[in-house]
Each structure stands twice: as structure tokens, then as C-alpha cells.
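Some notes on the structure that comes next.
These figures come from a predicted structure and were not determined experimentally. A note on names: the letters A, B, ... follow the listed sequences, proteins ahead of strands, and every chain is numbered from 1. Every heavy atom of this structure was used, including side-chain atoms; hydrogens, water molecules and symmetry mates were not.
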2 protein chains.
Amino acid sequence: MSEEIPPNGGEVDAITEAVLTASRLLVGVSAKSVAAVAGPITLPQFRLLVALGSRGPLKLVSLAEMLGVNPSTATRTVDRLVTAGWAQRNSNPDSRREITVSLTDAGRDLVDRVTEYRRSEISAIVERIPHEDRAGLVRALQAFTEAGEEPPPRASPYDAGLTEWQ
Amino acid sequence: MSEEIPPNGGEVDAITEAVLTASRLLVGVSAKSVAAVAGPITLPQFRLLVALGSRGPLKLVSLAEMLGVNPSTATRTVDRLVTAGWAQRNSNPDSRREITVSLTDAGRDLVDRVTEYRRSEISAIVERIPHEDRAGLVRALQAFTEAGEEPPPRASPYDAGLTEWQ
DNA sequence: GGGCAAGAATTGCATTATGCAATGGTGATG
DNA sequence: CATCACCATTGCATAATGCAATTCTTGCCC
């Protein structure tokens, strides 16, 4: 060994801890955002709306796959969202065995409001970060993300920070 | 106003985006960890075990509060965990109207294995970060966390990165 | 073209997760 | 000791989930 960083001399552990702690904070922000804006909707339902918002109209199977749930679960969640007026089923003229699900205007509006709120919450935190720390943050976070993006995980619902656990 | 950083000159937005992206990654890591180790347990159940693991034996009400659920939900989840052999109810000699819930050895073991796995996943990512970016990461993440920790959010289950959504 | 396998959505069934509203027991305070 | 607050639990209703049919629809092969 030459200068530092033995197999795990503490630096890696320190960063890991820092990451976990920061993660905890983010989790709280997301919860707060949905609760503050989305009122009576449930999280799984909102997650489905987010998927539609970020990927556009989707077949039911694709939707289920994105959310990591069984198609039957997706079907029934869509049922509820349709009833609530946030999503709609569209028949596909090319293939009668498929349908697409898309947001209604109300649904899109809901997603936008929550996203907006969440973004503003994070911005508020970022604005309290001392200027001299900011430049390092972007570089560091990008380095972290790139290091972890070997196989890009399932894409979209995560964009809203919404998943079943974390 | 003196030198720079207008209301939102882009720097804040850039950091916000970086944070959101990194958050997405973390979410994936947590999901993978539980799925890989915890097998047949559900997420809400595991979340309860994590709370017990990080805070020790807890009254039912405290547990429910930590998890952000109704006490009745906690009661029934504990029922299932007890049946599965991962948790136990202990009568409190000081106050017969309270009970405490604690991990069994099997429960503690399960939590340890998942935590270990998750930590190793994050470490693996951290180790792929170029050395010159690492120091910046710790400082930056700490700055971020401190900036957000105005009112420290509900504590413990987040420690394992486990929540219902994110 | 007829028939058959694969794909897509849905429905049936069972279990878990949740919240709200009692209920029954226990402690504390006056 | 009488009442009020606190604690766990249970009853009831709804949502979320997965697995296993079921029903159409498409594609493909003979």
C-alpha cells in the first residue's frame, strides 16, 4: 500500500454514512410533498400517475412492469384512477387486445403540482447550503450517480422519488 | 444584492437535479437489498423490524408513530411478525397497560443481513468514485443534510431507507 | 383458411396494509 | 373514589398485491 485508502480505511464508510443520512432527508421531503398536495390520493396511485406523466400513455403491461407490480394490480389501480378522474383508458386502434392509459388534464395537473412542490422543497434546502460547498456538491453527486449507474435501473417512477419502500 | 446568485441563476436548479438523480439511484439500491435478502417478508413488516433494530424495544404507540401509521396497523403487523418468529411482545412490569415489542434473534439477524447487504451495495458504488471526488462528496453531503435538518424528521425507519413510497 | 400458441387485459380469490371508530383495561389526578 | 387520559386491541371498510384462471385478439404454421 502506498499513501492511503486501505481496503476500507474509513473513507468509504464515511461516505456511505453520509449518503445514507442524506437519503433519509430526501425521503422525508418526498413524503411531505405528496401529502401536502395530493390530498386524498394514495401513494401507489400517485406513483402510477407519475409513471404516466413521465412516459406518456402506456400499455397496461408496460405500466405494470415500470411500477414493478402485477398487471392485475395495475388494472385495478387504473380502475380507481379512472373513477377519480385522474386517468383514462384509451382503446388502441391498431390492436384491439391492447389499451393505453393516459393522464387526464386533472391528473397531469396533480402530478405537476406535486413535482413542483417537491422541487421547491429541495431547492429551499439547497439554498441554505453555503456557497463554497455548492460547486463540490454537483460534482460529487454526479460522480456518485455515475458510479452507480452501471445498469440503469428501471426508469421512470423513481424520477418522482416515489416507490413503495424506498 | 452584490456579486452573484440571482434568485435562481441555475446553480440551485443544477444541484436540485443532481440530488433528484442521486436519490433515484439510492432508491433502487434499497429495493434490491430487501428483495435479495428478506425473501418472503413484506416491506411494511421489514420496516417495522428496522425500527425495532435501531431503537430497541418500543411501545406499540411509539412504534406506530415512528412508522407514521395508525396504532391499529402496527398492532396487526406485529401480530404477523410474532407469528413469523421475527418479533415478540413483552409485557411491561411497570405498567400493565403498555407492552413493548422487540426483535427475536431471528428478527435481528434478518435486519442485520439486509443492512449489511445494502451497505455493501452503497460501498461498492462509493468505491467506484474517483478519489479526487470523494472528499468533496462527504463535505457536500453533510452540507446538504445540515441544510435540510431544520426540524429533524421522524427518525429511525428512514435509517434503513425504508418507507412506503420513498 | 383453420387451428393453435402467445400476448393482453381482466376477473376471482386470498392475504396484507391502512385508517377510523369503538371497546376494555390501566394509571393518574383531583 | 370518580373521572379523565392513555394504551392496546378489535370491528369494519377500502386499497394494494400476487397468483391463477378466463376471455379476446394476434400471429403464425400447415
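Distance B:N70 CG to C:dA22 C1': 13 Å, rounded to the nearest Å. One can place CD1 of A:I41 at 14 Å from C1' of D:dA16, the figure rounded to the nearest angstrom. In this structure, B:R47 places its CZ atom 15 Å from C1' of D:dA16, rounding to the nearest Å. Residue B:E65 contributes atom CD, which lies 15 Å from atom C1' of D:dA8 at whole-angstrom precision. If you measure from atom CG of A:L48 to atom C1' of D:dT17, you get 14 Å, rounded to the nearest angstrom.
Using a 4.5 Å heavy-atom cutoff, the side chains of A:V111 and A:F46 are in contact. Residues B:F144 and B:I15 are not in side-chain contact: their nearest non-hydrogen atoms beyond the backbone lie 4.5 Å or more apart. The closest side-chain heavy-atom distance from B:T16 to A:S123 is below 4.5 Å. Side-chain atoms of A:L63 and A:V78, non-hydrogen and from C-beta on, do get closer than 4.5 Å to each other. Side-chain contact between B:T100 and B:R89: absent, with no pair of heavy atoms (C-beta onward) separated by less than 4.5 Å.
The minimum heavy-atom distance between A:A51 and A:L58, with the atom names listed, is O-CD1, 4.3 Å.
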For nucleotides 2-4 of chain C, print each protein N/O atom paired with a nucleotide N/O atom at under 3.5 Å, atom names and distance only.
none

Report, one line per pair, each donor and acceptor closer than 3.5 Å where one atom sits in a side chain of residues 68-77 of chain B; sequence neighbours left out.
| from | atom 1 | to | atom 2 | distance (Å) |
| --- | --- | --- | --- | --- |
| B:N70 | OD1 | B:S72 | N | 2.9 |
| B:N70 | OD1 | B:S72 | OG | 3.0 |
| B:S72 | OG | B:R76 | NH2 | 3.4 |
| B:T75 | OG1 | B:P71 | O | 3.2 |
| B:T77 | OG1 | B:T73 | O | 2.9 |

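Between A:S72 and D:dC19 there is no side-chain polar atom (N or O) within less than 4.0 angstrom of OP1 or OP2.
Comparing C:dT10, D:dA15, C:dT16 by their nearest atom to the side chain of A:Q45 picks out D:dA15. Closest contact between the side chain of A:T75 and the listed nucleotides C:dG19, C:dT10, D:dC7 involves C:dT10. Here the side chain of A:K59 is nearest to one of C:dA8, D:dG11, D:dA8, namely C:dA8. Nearest nucleotide to the side chain of B:R80, out of C:dT16, D:dA8, D:dG11: C:dT16. Here the nucleotide nearest the side chain of B:D79, chosen from D:dA8, D:dT10, C:dA6, is D:dT10. In the set D:dT9, C:dT10, D:dC7, D:dT9 carries the atom at the smallest distance from any side-chain atom of B:I99.
Contact check on B:D109 versus B:R113 returns a salt bridge, with a Lys/Arg side-chain nitrogen under 4.0 Å from an Asp/Glu carboxylate oxygen.
Counting atom types as modelled, B:R97 pairs no side-chain N or O with a base atom of C:dG24 as donor and acceptor under 3.5 Å.
If you find the closest nucleotide of DNA chain C to A:V61 and to B:T73, the one lying nearer the 5' end belongs to A:V61.
Sorted by residue number, the members of residues 87-96 of chain A with any non-hydrogen atom under 4.0 Å from DNA chain C read A:R89.
In terms of modelled atom types and a separation under 3.5 Å, the side chain of A:T104 and the main chain of A:G85 share a donor-acceptor contact.
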